[in-house]
Amino acid sequence: MTIKQFIFQLLLMALVVVLLIFITLWWLNGYTNHGQKLELPDYVGVNYEKAQKDAEEKTFELIINDSIHIVGKSGGEILDQNPVAYSKVKENRKVYVTTAKYTADLLNLDNLPALYGKQFESKKRELGYLDINSKVRGYIYDPGEPDHILEVWYNDRKIISSRGNANNVTIEKGGTLEFVLSKRGGGQIEIPDLKCKQISVAEFILNQSNLIIGTVSQDGEITELEKAYIIAQYPSYSVGKTISMGEAIDLTISQTR
């Protein structure tokens with residue numbers, strides 16, 4: 001064997017050794033990386049479709065475990081994930097997520113707390129627990145206590161009144177109910193004629209008319225107030241003349257008619 005042949009064989013053997021070392025290192029690298037643990041991203045608050053693309057690129061599999069409606073959350077937004085963000089997991093790990101629904105949950109009107117005739121602020125708090133907003137639409141006169149519910153409107157439709165509840169009404173969570181409330185003033189009533197009546201009788205008439213006695217002036221000495229007669233009133237009576245309910249009528253009284 002010549003020196004050239006020897007050197008050639010020696011170089012050939014060296015090349016084979018280098019190749020074997022390279023192949024061995026490549027195989028060991030692939031073997032040790034296979035099944036290695038990866039850090040799981042935080043998908044909470046991310047839209048499911050966007051998160052799914054990211055998960056596929058990172059070899060994870062996103063699976064929707066549940067969907068719920070939460071007021072203020074966009075449909076498809078991820079609300080929770082399992083395993084939690086930044087967990088160390090293996091490739092191809094299944095990640096279970098809870099997403100927000102695209103459509104709101106509905107509540108049947110008949111399943112809401114009783115509203116007609118109830119105090120507004122109290123019912124506003126109760127409805128808030130059900131994720132229903134409340135808004136005052138207006139006021140109308142009522143002889144009862146003020147700020148009590150007389151009408152309920154939803155989407156410009158009257159759904160509750162003194163006649164009862166409308167049929168087949170559903171309310172979206174996050175929706176707004178509008179309320180018409182009672183107030184003591186504002187209603188109009190014809191002014192009663194109180195002249196020549198005893199003050200006790202006049203007081204009864206005014207109470208029945210949702211009016212009150214204002215300033216009482218005396219004409220002469222009054223010895224028995226309950227038997228005193230009204231000789232003048234303000235506003236004065238005339239046919240068809242009206243006054244707001246809850247207003248006062250001033251009286252002038254005398255012991256004799």
Do side-chain atoms of Gln119 reach the backbone of Glu145 as a donor and acceptor pair under 3.5 angstrom?
-> no
Please say yes or no: joined through hydrophobic side-chain contacts below 4.5 Å, possibly via intermediate residues, are Ile189 and Ile213 part of one cluster? yes
For the pair Trp153 and Val180, evaluate side chain to side chain contact (heavy atoms under 4.5 Å, CB included) and give the outcome as yes or no after the intermediate values. CA-CA 8 Å; Trp153 294 68; Val180 175; 3.9 Å; yes
Between the CD atom in Gln218 and the CD1 atom in Ile253, the distance rounded to the nearest 0.5 Å is 5.0 Å
Item to complete: Find out if a path of hydrophobic residues (ILVMFWY) with successive side-chain heavy-atom gaps under 4.5 Å connects Phe60 to Val44.
Response: no
Margin query: Grouping I, L, V, M, F, W and Y whenever their side-chain heavy atoms are under 4.5 Å apart, do Ile64 and Leu40 come out in a common cluster?
Written below: yes
Side-chain donor-acceptor pairs under 3.5 Å in residues 156-168, sequence neighbours left out?
from   : atom 1 : to     : atom 2 : distance (Å)
Ser161 : OG     : Arg163 : N      : 3.3

Between Tyr154 and Glu172, the two heavy atoms sitting closest are OH-N, 3.3 Å
Original post:
Do Glu190 and Lys241 have side chains that get closer than 4.5 Å, going by heavy atoms?
Top reply: no
Leu127 and Ser134 have their tightest heavy-atom pair at CD1-OG, 3.6 Å
request  = Carefully, step by step, assess Thr215 and Tyr234 under the rule side chain to side chain contact (heavy atoms under 4.5 Å, CB included).
outcome  = CA-CA 9 Å; Thr215 302; Tyr234 180 83; over 6 Å; no
Interatomic distance, NZ@Lys123 vs CD1@Ile132, rounded to 0.5 Å, equals 12.5 Å
So CG of Asp219 and OG1 of Thr252: to nearest 0.5 Å the spacing works out to 7.5 Å
### Query
Do side-chain atoms of Glu178 reach the backbone of Arg137 as a donor and acceptor pair under 3.5 angstrom?
no
Distance col, row Asp42:CG vs Gln81:CD, nearest 0.5 angstrom, shows 5.5 Å
Note: Tyr96 and Lys94 closest approach over all heavy atoms is OH-CD, 3.6 Å
Heavy-atom closest pair (Leu130 atom, Leu107 atom, distance to 0.1 Å) is O-CD1, 4.0 Å
Side-chain donor/acceptor of Asp66 to backbone N/O of Thr98, under 3.5 Å: no
Worksheet entry | Heavy-atom side-chain proximity of Ile140 to Asp142 below 4.5 angstrom | no
So, the side chain of Gln233 versus the backbone of Pro235: is there a donor-acceptor pair under 3.5 Å, distance only? yes
Could you walk me through whether Leu79 and Lys73 pass the side chain to side chain contact (heavy atoms under 4.5 Å, CB included) check? CA-CA 9 Å; Leu79 307 173; Lys73 293 293 183 180; 4.1 Å; yes
Original post:
Can a salt bridge be assigned to the pair Glu56 and Lys53 using a cut-off of 4.0 Å between side-chain N and carboxylate O?
Top reply: no
Under a single-linkage definition using a 4.5 Å side-chain heavy-atom cutoff for Ile, Leu, Val, Met, Phe, Trp and Tyr, are Tyr237 and Val216 assigned to the same hydrophobic cluster?
-> no
key: Asn82 and Asn65, any side-chain heavy atoms less than 4.5 Å apart   = no
Smallest heavy-atom separation, Val97 atom then Leu62 atom, equals CG1-CG, 4.2 Å
With a 4.5 Å limit on heavy-atom distance, are the side chains of Ser217 and Asp250 in contact?
no
Rounding to 0.5 Å, atoms CG (Leu225) and CD (Gln198) come to a distance of 10.5 Å
**Asked** Are Val95 and Val46 in one and the same hydrophobic cluster, where Ile, Leu, Val, Met, Phe, Trp and Tyr link if side-chain heavy atoms are under 4.5 Å apart?
**Response** no
- When you measure from the side chain of Glu247 to the backbone N and O of Leu211, does any donor-acceptor pair fall under 3.5 Å? no
Rounded to the nearest 0.5 Å, the CD1 atom of Ile171 sits from the CG atom of Asn155 at a distance of 7.5 Å
In terms of heavy-atom contacts, Ser236 and Ile191 come closest through O-CD1, 3.8 Å
*So, the side chain of Ser182 versus the backbone of His148: is there a donor-acceptor pair under 3.5 Å, distance only?*
yes
Spell out, as yes or no, whether a donor-acceptor pair under 3.5 Å connects the side chain of Lys197 to the backbone of Asp193. yes
Original post:
Are there more than 12 heavy atoms of other residues, nucleotides or ligands under 6.0 Å from atom CD of Glu121?
Top reply: yes
